[in-house]
**Q** 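My questions all concern the structure below.
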Amino acid sequence: MSAKLDEFKEFVKRHPLLKGMVQSKQKTWQELYEDYCILGESAFPEEEKEEKKEETKKETKSSSSTEDLIKTVVGYVKKIDPDQVTKTVTSIQKVLELFGGIGGAAAGSALAKKSTGDPLFDKRFDEWY
């Protein structure tokens, strides 16, 4: 008896739609087990057909969604203007240089303001070499 139950468990693992039938209250586990014991795996041909239909739907959805994604990406790449990208990158570089220059000048003036009165220690590190 236990061997038949183990076989049924393996059968259910291979056919996950059976679980859906129980969850949707179309059949109970007891009814499915009895059908399996009396009629064998041939008792569930429609379930196998539904599985195949769902698998083909999933395959077509995944392949079509991948194709759509690739088409979308290619469309965006085609719309990119290399000259405009170059201009944008150049302007960003200029802005960063401007901010770097302002930050460097402020740091330099802050160092220049600090003085101890001793000429040996008032020199900045860059002035030593």
**Q** Check whether any side-chain N or O of E10 sits under 3.5 Å from a backbone N or O of E7 as a donor-acceptor pair, and report yes or no.
**A**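 A pair under 3.5 Å: no.
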
**Q** Quick one, W29 with V12, criterion side-chain contact (heavy atoms from CB on, under 4.5 Å). Give me CA distance, side-chain angles, the key distance, then yes/no.
**A** CA-CA 10 Å; W29 284 117; V12 170; 3.8 Å; yes

**Q** Looking at CZ of F11 and CG of D6, how far apart are the two atoms once the value is rounded to the nearest 0.5 Å?
**A**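 Result: 15.0 Å between the selected atoms.
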
**Q** Restricting to non-hydrogen atoms, name the atom on E31 and the atom on Q26 that form the minimum distance, rounded to 0.1 Å.
**A**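 The answer is OE1-O, 4.4 Å.
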
**Q** For K27 and L18, run side-chain contact (heavy atoms from CB on, under 4.5 Å): C-alpha distance rounded to whole Å, both residues' side-chain angles, the deciding distance at 0.1 Å, then the answer.
**A** CA-CA 9 Å; K27 289 194 173 195; L18 294 175; over 6 Å; no

**Q** Could you tell me which non-hydrogen atom of T28 sits nearest to which non-hydrogen atom of V22, and how far apart they are?
**A**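 It is C-CG2, 4.2 Å.
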
**Q** Under 4.5 Å between side-chain heavy atoms, counting indirect links through other Ile/Leu/Val/Met/Phe/Trp/Tyr residues: same cluster for Y76 and V85 or not?
**A**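 Hydrophobic grouping puts Y76 apart from V85.
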
**Q** Please identify each residue that fulfils side chain to side chain donor-acceptor pair (under 3.5 Å) with K9, with sequence neighbours left out.
**A**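 Counting only residues at least two positions away or on another chain, K9 forms no side chain to side chain donor-acceptor pair (under 3.5 Å).
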
**Q** What I want to check is whether the side chains of Q93 and E97 have a donor and an acceptor closer together than 3.5 Å.
**A**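 No - no donor-acceptor pair under 3.5 Å links their side chains.
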
